[in-house]
Each structure stands twice: as C-alpha cells, then as structure tokens.
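Structure first, then comments.
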Amino acid sequence: MCNYSSTISFWNNIFHNKVNKVPQKIENIIMQNDIEAAIKFLTTDSKVILDYGCGSGTMLLKCAIHSNIEKCIGIDISNEAILLSSKAATYNHLKHKFSLKCDDLSYLSTLNENSIDGCILSNILDNVTINDCDKIMNYINKITKPNGKILIKLNPYLNDKKLNEYGLTLLNDNLYIEKEGIYLRNLDTSEWTSLIENYFSIVNFKEIYFDEFNQFNRLFLLFNKK
Ligand SMILES: C[S@@+](CC[C@H](N)C(=O)[O-])C[C@H]1O[C@@H](n2cnc3c(N)ncnc32)[C@H](O)[C@@H]1O
C-alpha cells in the first residue's frame, strides 16, 4: 500500500482548485526576501536545477527566468501539482527549460550522478517518512555536483502545546501524522542540523517569517559534500 495516498489526495485537491485559475506572470510573484536571495544563491553559475516536491513550480520558475539556467527538473507525487507547474511554465514561455515528472523518490535514482547544479527541497523533508527523508538526502547528494548548492526549507518546530492544538498523532520517533494524513517530522534545529551535515555543509541558516501563514520556517543554504 502506498504510504502517501492521503498526501496525494490532499495536494491533488489543493492544486486542482488552482489549476483552472489564470496563472500569474512569474515577474509579478514577489517571494519572501530570503527566498529571493536563496534563488540567487542557487542559480548563480548554475545550469541545471532540480526541485523535489515542486508543488506549483513557483520556485523553479523563479530559477528559470535566469538566462544561464538551461534545465529545471520538477518532481512531485501529486499529478495536479505537475499539471499546475506545467501550465505556469507554458504561460511564462519557459516550458522549453522544464522537465516535469509526477513520481516519487524512485525517480531520483534514474538521474545521473553529478548532473545537477542546484537543488530545492522546500517543505518536503519533514513531510515524508524518516526512511524516505534519508533516501532523498542520499540521492540528492549523489546526483548533485561536488559543491553544488542545495536549499532546504523546513516547517517550524512545534512545542507540545502546538502539537495538541494542531491535533497531530505521534507515529514514532518524532514522526507525526496530521489530521489530513500528512506526515510531519518534528525535530528541533540542532537535530535537523546533525542530519543535514551528514551530506551537506551549511553556508547559511535563518528562521524566516511568512506573513500569509503567520509562521516561521527554517531555511538552510548548503553546499554538497562529496
Ligand atoms: C508543502 S508542499 C511544498 C511545495 C513547494 N515545494 C513549496 O515550497 O511551495 C509539499 C509538496 O510535496 C509533494 N510531496 C509530498 N510528499 C511527496 C513525496 N513523497 N514525493 C514527492 N513529492 C511529495 C506534495 O505533493 C506537495 O506538492
């Protein structure tokens, strides 16, 4: 049985409701300042960018507008996410740079070693199982060039009060499941830092605030370690 059937239904529903709306010009989408800076970090001197769990594809589009970027690979387990990304890429006349795939982490094993310059893992590593989180970091480490760049964005760490408030159920080892059936791995920043440093070296870490969700996220900018 697929571990992600609830995840797929949840995100298909979210993205399905957006797919028939008119896409926006990517130049008109203003991202949080630190995300814009992170995109600059990822795209400088890069040609190939990969986004695992790309969702609507907005971050990839932000990368694709840089003239040095030749290829943007977006992977997502939700077919509606891939449809939406594809529609947005076409609307922005950037489809020729895009390779989009509705798949899970097994797709990462089909990509050549050292073929990627920059990777985006935005709100995905803490929404997959513990085993899959490690597999994703392992694959990203292999397919990204030595000293390639990686962006990891994580949900905020939740204290016991918040865990109760959000109605999360503990599965094992700080892996929770939300009411909608989405996984949340609730580790503090030092625990995430130790896991991340098995594969990558930290260039910058910042807690960044998102007005629209009234929430902080944790943003790591990294170099690949080989
Ligand atoms: C929280 S959204 C983040 C979307 C985008 N990265 C962003 O930051 O805006 C999580 C995305 O990851 C996708 N996803 C969840 N589990 C996945 C998995 N095991 N493999 C691939 N994609 C997955 C979901 O379909 C959804 O599009």
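Nothing here was measured: the structure is a model prediction, and the numbers come from that model. In listed order, ligands and their atoms are each counted from 1. Positions are given from 1 along the sequence.
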Q) Relative to each other, are the rings of Phe210 and Phe213 parallel, tilted or perpendicular (30° and 60° limits)? A)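 Tilted, since the angle between the ring planes falls between 30° and 60°.
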
Q: Could you check whether the rings of Tyr4 and Tyr183 sit parallel, tilted or perpendicular, using 30° and 60° as the cut-offs?
A: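 Perpendicular.
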
Looking only at heavy atoms of [X], does any of them come nearer than 4.0 Å to an atom of ligand 1?
X: Tyr183; answer: no
X: Tyr52; answer: yes
X: Asp76; answer: yes

Q.
Measuring centre to centre across the rings, with the benzene-like ring taken for any Trp, is Phe41 within less than 6.0 Å of Phe223?
A.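 That pair passes the under 6.0 Å test.
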
Q. Can you tell me how far OG1 of Thr110 sits from OH of Tyr107, rounded to the nearest 0.5 angstrom?
A.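 OG1 of Thr110 is found 4.5 Å from OH of Tyr107.
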
Q: Would you name the heavy atoms of Leu121 and Ile136 that are closest together and state the gap between them?
A: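 Taking every non-hydrogen atom into account, CD2-CG2, 3.9 Å.
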
Q. Quick one: does atom 9 (O) of ligand 1 have a protein heavy atom under 4.0 Å from it?
A.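 Answer no: nothing from the protein, no heavy atom, is under 4.0 Å.
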
Q. Given the rule that I, L, V, M, F, W and Y join up when any side-chain heavy atoms are under 4.5 Å apart, are Ile182 and Ile124 in one cluster?
A.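 Per the 4.5 Å side-chain linkage, Ile182 and Ile124 are not co-clustered.
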
Q.
If hydrophobic clusters are built by linking Ile, Leu, Val, Met, Phe, Trp and Tyr wherever their side-chain heavy atoms come under 4.5 Å apart, do Ile140 and Ile116 end up in the same one?
A.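 Yes; Ile116 is reachable from Ile140 via cluster members.
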
Can you list the atoms of ligand 1 that are under 4.0 Å from a heavy atom of [X]?
X: Thr7; value: 15 (C), 16 (N)
X: Tyr4; value: 19 (N)
X: Phe15; value: 27 (O)

(Q) Evaluate Gly53 for polar contact with ligand 1, using N/O atom pairs at a separation under 3.5 Å. (A)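 Right, the criterion is met.
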
Q | atom 14 (N) of ligand 1: nearest protein contact (heavy atom, Å) | A |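 Atom 14 (N) of ligand 1 sits closest to the protein heavy atom Ile124 CD1, 3.5 Å.
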
Q | Nearest-contact summary for atom 7 (C) of ligand 1 - protein heavy atom, Å | A |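 Its nearest protein heavy-atom neighbour is Ser122 OG, 3.8 Å.
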
Q | Mode of Val128 contact toward ligand 1 - side chain, backbone, both, neither (heavy atoms, under 4.0 Å) | A |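 Near ligand 1, Val128 shows its side chain, while the N, CA, C and O stay back.
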
Q: Please work out whether any backbone atom (N, CA, C, O) or any side-chain heavy atom from C-beta onward of Ile77 is under 4.0 Å from ligand 1, and answer side chain, backbone, both or neither.
A: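 Both backbone and side chain of Ile77 come within 4.0 Å of ligand 1.
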
Q. Is a salt bridge present between Lys62 and Glu36, judged by a nitrogen-to-oxygen distance below 4.0 Å?
A.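 Salt bridge present between Lys62 and Glu36.
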
